[in-house]
Amino acid sequence: MMTPIRKILVYIDGTEQSIAAAQYSIVLAKSLKAELFALYVVNTRALNELVKSRIFIESEQEEYSRDLQEDAVRYLNHVKELAHKKGVPVVTENISGAVHLEIKNKVNELSIDLLVLGEISQIRSRRDELYNETERAMRSVPCSVLIAKDEEKIWSLYEALE
Amino acid sequence: MALIDLIEERVIKIPLKGQTKTEVIRELVDVLASAGKIVDPPGALAAVMERESKGSTGLEEGIAVPHAKTEAVKTLTIAIGISPQGIDFDALDRKPSQLFFLMLAPPDQSGPHIEALAEIARMTRSKAFCRTLINSQTPREVVELFQDD
């Protein structure tokens, strides 16, 4: 029988929820002997919107862009460490663009079987449905999607992994 | 984190009493301090004023989005204020500013800060929504408007 999940992509955005998603992905990758990929997207679309709307001045755009790049490196290194501790190889990538589009592109490019996302904020307005990037990624990718919930349980699963 | 998650009645002030840019920003910082959202109110005020010195965050159609990255807050924080008569905020269109979104973020939370500001940017494109917000009489009305939108 063909293995249903050979490639897993986890999206990292620096939130605690996305780190829990990374831990869960490591557990899954080890259990399923799947390849693991971790992606961070520097949201340049949001930065461009802020300059266009004049909320940001150019120097702010540069400063925040640098901050986001540093965040990307920091969080992806953290995921590498988490995976390394459990003997799971992970390929990390940091790209810039519109978050949901870049996730979708990466899923297609790598022929991902399963996208793992951190718990999504409660949708409390129509605007959330339209603009929440994680929500949009979940809806637009062509593969199956897993939303990692219950951080404590995930932590226990990750810790128990040999 | 969605913008609505940050908006609660105690971080909204209607009407604002300040008559100048500095007074309004101080008033909004005080709102956040009273709500227990700021660990260093003078530091927060200084950070916002420093940002304003580089270029006004007064946009068009009566909206202003003063903001800063500062150690004075531990998490992303927003205050909303409405000044029905409007004040001079050096806005792009030179019109008085009436609707204020003060946003403060710690230096290590640039991602959520940018996403929340971008959400405000998108929201301010809806003139009808902003008009309705400006005409709100109570903090409860503002919260409900965000929930209904």
Side-chain angles (χ1 to χ4, degrees), chain A residues 11-19 40-75 78 94 96 98-100 118-136, chain B residues 1-8 47 50-61 63-69 75-76 89-93 100-103 105-126 129-130 143-149:
Chain A
Y11 170 60
I12 305 298
D13 62 6
T15 60
E16 286 178 11
Q17 291 85 355
S18 75
I19 297 301
Y40 187 106
V41 182
V42 172
N43 194 346
T44 48
R45 189 165 89 155
L47 278 173
N48 292 337
E49 273 182 29
L50 290 172
V51 173
K52 197 175 161 191
S53 63
R54 312 277 186 98
I55 291 175
F56 267 9
I57 51 179
E58 269 185 35
S59 63
E60 270 181 309
Q61 183 185 26
E62 289 159 15
E63 181 189 341
Y64 278 77
S65 183
R66 273 196 307 275
D67 286 351
L68 292 180
Q69 292 290 352
E70 286 167 11
D71 283 352
V73 170
R74 189 167 71 246
Y75 289 117
H78 182 51
N94 158 24
S96 299
V99 174
H100 72 284
E119 191 167 358
I120 298 172
S121 298
Q122 192 184 351
I123 296 298
R124 291 164 68 177
S125 73
R126 285 195 297 276
R127 199 174 46 247
D128 285 352
E129 274 185 279
L130 289 173
Y131 293 118
N132 183 295
E133 290 287 350
T134 319
E135 173 92 10
R136 292 175 84 180
Chain B
M1 179 182 285
L3 187 61
I4 185 68
D5 292 330
L6 305 174
I7 297 172
E8 48 185 313
E50 188 191 341
R51 166 59 187 84
E52 286 297 321
S53 71
K54 294 175 184 167
S56 177
T57 56
L59 310 178
E60 295 171 339
E61 305 294 336
I63 297 155
V65 190
H67 59 270
K69 194 162 58 170
T75 59
L76 182 63
F89 210 83
D90 302 320
L92 287 170
D93 59 3
F100 300 86
F101 297 93
L102 173 73
M103 186 161 283
D108 63 349
Q109 288 185 25
S110 293
H113 188 185
I114 287 162
E115 281 169 23
L117 282 171
E119 202 174 328
I120 291 174
R122 285 190 290 265
M123 196 195 65
T124 56
R125 284 187 213 137
S126 167
F129 180 69
C130 292
V143 172
E144 285 172 358
L145 273 170
F146 274 95
Q147 287 171 343
D148 292 344
D149 185 51

Original post:
Using non-hydrogen atoms only, which part of Ile114(B) is less than 4.5 Å away from chain A: side chain, backbone, both, or neither?
Top reply: both
Subject >> Mutual orientation of the aromatic rings belonging to Phe56(A) and His113(B) [parallel < 30°, tilted 30-60°, perpendicular > 60°] >> reply: perpendicular
Original post:
With only heavy atoms counted, which part of Ile55(A) is less than 4.5 Å from chain B, the side chain, the backbone, both or neither?
Top reply: both
**OP:** Taking the side chain as every heavy atom from C-beta outward, state whether Ile57(A) and Arg51(B) have any atom pair closer than 4.5 Å.
**Re:** yes
**OP:** Can you measure from CG (Asp71(A)) to CG (Asp108(B)) and round to the nearest 0.5 angstrom?
**Re:** 7.5 Å
**OP:** Using non-hydrogen atoms and a 4.5 Å limit, figure out which bit of Ile63(B) sits close to chain A: side chain, backbone, both or neither.
**Re:** neither
Original post:
What part of Glu60(A) lies closer than 4.5 angstrom to a heavy atom of chain B: side chain, backbone, both or neither?
Top reply: side chain
Subject >> Choice from Lys54(B), His67(B), Gln109(B) maximising heavy atom contacts with chain A below 4.5 Å >> reply: His67(B)
Original post:
From Glu115(B) CD over to Leu47(A) CG, what is the distance, rounded to the nearest 0.5 angstrom?
Top reply: 10.0 Å
Original post:
Could you give the distance from CD (Glu60(B)) to CZ (Arg54(A)), rounded to the nearest 0.5 Å?
Top reply: 7.0 Å
**OP:** Return the minimal non-hydrogen interatomic distance between Ala121(B) and Leu50(A), and the atom names on each side.
**Re:** CB-CD2, 4.3 Å
Subject >> Criterion side chain to side chain contact (heavy atoms under 4.5 Å, CB included) against Ser110(B), the qualifying member of Val42(A), Asn43(A), Leu68(A) >> reply: Leu68(A)
